[in-house]
Amino acid sequence: QAELVESGGGSVQAGGSLTLACEASGSTFSTNAAGWYRQAPGKQRELVAAISSGGDTKYGDSVKGRFTISRDNAKNMVYLQMSSLTFEDTAVYYCNVGVWGNAGSRWPGAYWPVDWGQGTQVTVSS
């Protein structure tokens, strides 16, 4: 089981940018997919972005074109660059590692999170 520690959350004004970082423990990080989910008050947890071990990415519809996920396998890190933030982006953001549906599998491009971090708060003020 991987331990995940998020950092970089905080408060930002609407229209601003913020970058979240997540450090994963364990030697298998480079072979796992990783991602970010978020949960706003009163709402269900939702996928923000995910990245396969090979660098394929997927994004939630509400963040496409504004957020970018990346990873540095040498450092066991995954990042989420967020720009053009709006009040609706206010949430607790959770880092995770998991499984990616490979091409030829029954669910290519799907992402299933397995291990979760504790979350980091992002607050966007209008």
Side-chain angles (χ1 to χ4, degrees):
Q1 183 175 0
E3 286 191 14
L4 304 167
V5 179
E6 301 100 335
S7 61
S11 298
V12 63
Q13 287 192 329
S17 300
L18 205 60
T19 296
L20 305 182
C22 174
E23 183 173 9
S25 66
S27 60
T28 62
F29 174 76
S30 63
T31 63
N32 292 332
W36 293 89
Y37 275 67
R38 69 184 181 186
Q39 188 166 22
K43 294 187 177 181
Q44 288 188 330
R45 196 172 292 191
E46 64 174 355
L47 173 71
V48 178
I51 185 167
S52 72
S53 60
D56 294 329
T57 58
K58 65 182 298 176
Y59 294 92
D61 289 341
S62 62
V63 307
K64 285 180 181 177
R66 299 189 299 123
F67 290 12
T68 301
I69 189 170
S70 61
R71 64 190 297 162
D72 184 338
N73 290 335
K75 297 181 179 179
N76 277 17
M77 298 290 293
V78 59
Y79 304 97
L80 184 68
Q81 295 175 278
M82 306 183 291
S83 62
S84 301
L85 287 161
T86 71
F87 177 76
E88 286 69 32
D89 295 315
T90 295
V92 178
Y93 284 70
Y94 297 92
C95 173
N96 37 74
V97 293
V99 179
W100 189 271
N102 292 319
S105 70
R106 187 171 180 181
W107 295 283
Y111 173 66
W112 296 274
V114 176
D115 296 322
W116 295 77
Q118 294 299 309
T120 186
Q121 176 71 46
V122 172
T123 302
V124 183
S125 57
S126 56

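What you see below is based on every heavy atom in this structure, not just the backbone, and it leaves out hydrogens, waters and symmetry mates. Since the model is a prediction, treat every value here as computed from it, not as a measurement. If you read the sequence from its start, that first residue is 1, and numbering goes on from there.
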### Message
Can you list everything that forms a ring-ring contact (aromatic ring centres under 6.0 Å, His included) with Tyr37? Sequence neighbours excluded, please.
### Response
Trp116
### Over 12 non-hydrogen atoms of neighbours within 6.0 angstrom of CD in Gln118
no
## Note on the structure
Grouping ILVMFWY residues whenever side-chain heavy atoms fall under 4.5 Å, the cluster of Met77 otherwise contains Tyr79
### Summary
Sequence neighbours excluded, the answer for side-chain contact (heavy atoms from CB on, under 4.5 Å) partners of Asn76 is Phe29
### Within-4.5 Å side-chain heavy-atom neighbours: Leu47 and Lys58
yes
### Task
Dump the intermediate steps for side chain to side chain contact (heavy atoms under 4.5 Å, CB included) on Ile69 and Val78, then the final yes or no.
CA-CA 7 Å; Ile69 189 170; Val78 59; 4.0 Å; yes
### Residues Val114, Val99; criterion side chain to side chain contact (heavy atoms under 4.5 Å, CB included); working and verdict
CA-CA 7 Å; Val114 176; Val99 179; 4.2 Å; yes
### Query
Quick one: do Tyr93 and Val124 end up in the same hydrophobic cluster if we chain Ile, Leu, Val, Met, Phe, Trp and Tyr together by side-chain heavy atoms under 4.5 Å apart?
yes
### Message
Side-chain heavy atoms nearer than 4.5 Å, only ILVMFWY residues, links allowed to pass through others: does that put Val48 and Tyr59 together?
### Response
yes
### Query
Okay, side chain of Asn32, backbone of Val97: is any donor-acceptor separation there less than 3.5 Å?
no
### Message
Taking Gly35's backbone N and O only, do any of them form a donor-acceptor pair with Tyr111's side chain (distance below 3.5 Å, no angle check)?
### Response
yes
### Message
Pair Trp36, Phe67 - check side chain to side chain contact (heavy atoms under 4.5 Å, CB included), show working.
### Response
CA-CA 11 Å; Trp36 293 89; Phe67 290 12; over 6 Å; no
#### Entry: Spatial distance of atom CG (Leu20) from atom CD (Gln81) [nearest 0.5 Å]
10.0 Å
### Message
One pair to check against side chain to side chain contact (heavy atoms under 4.5 Å, CB included): Gln121 and Thr90. What are the steps and the verdict?
### Response
CA-CA 8 Å; Gln121 176 71 46; Thr90 295; 4.0 Å; yes
#### Entry: For Lys64, salt bridge (Lys or Arg N to Asp or Glu O under 4.0 Å) partners two or more places apart
Asp61
#### Entry: Any side-chain heavy-atom pair of Val63 and Arg38 under 4.5 Å
yes
### Message
With a 3.5 Å distance limit and no angle check, can you tell me whether Ser53 reaches the backbone of Ala33 through a side-chain donor-acceptor pair?
### Response
no
### Message
Please find the pair of heavy atoms, one from Ala103 and one from Pro108, that lie closest to each other, and give the distance.
### Response
CA-CB, 4.1 Å
#### Entry: Nearest-0.5 Å distance that lies between atom CZ in Arg71 and atom SG in Cys22
10.5 Å
### Task
Say whether, by atom type as modelled, one donor and one acceptor occur between the side chain of Arg106 and the main chain of Gly101 under 3.5 angstrom.
no
### Non-neighbouring partners of Glu3 that pass side-chain contact (heavy atoms from CB on, under 4.5 Å), sequence neighbours left out
Ser25
#### Entry: Heavy-atom donor-acceptor pair, Glu6 side chain to Gly119 backbone, under 3.5 Å
yes
#### Entry: Nearest non-hydrogen partners of Glu46 and Ser62, listed with the distance
OE2-OG, 4.3 Å
Atom pairs and distances, side-chain donor-acceptor, residues 7-19, under 3.5 Å, sequence neighbours left out:
none

### Shortest non-hydrogen contact between Asp89 and Arg66, atoms and distance
OD2-NH1, 2.8 Å
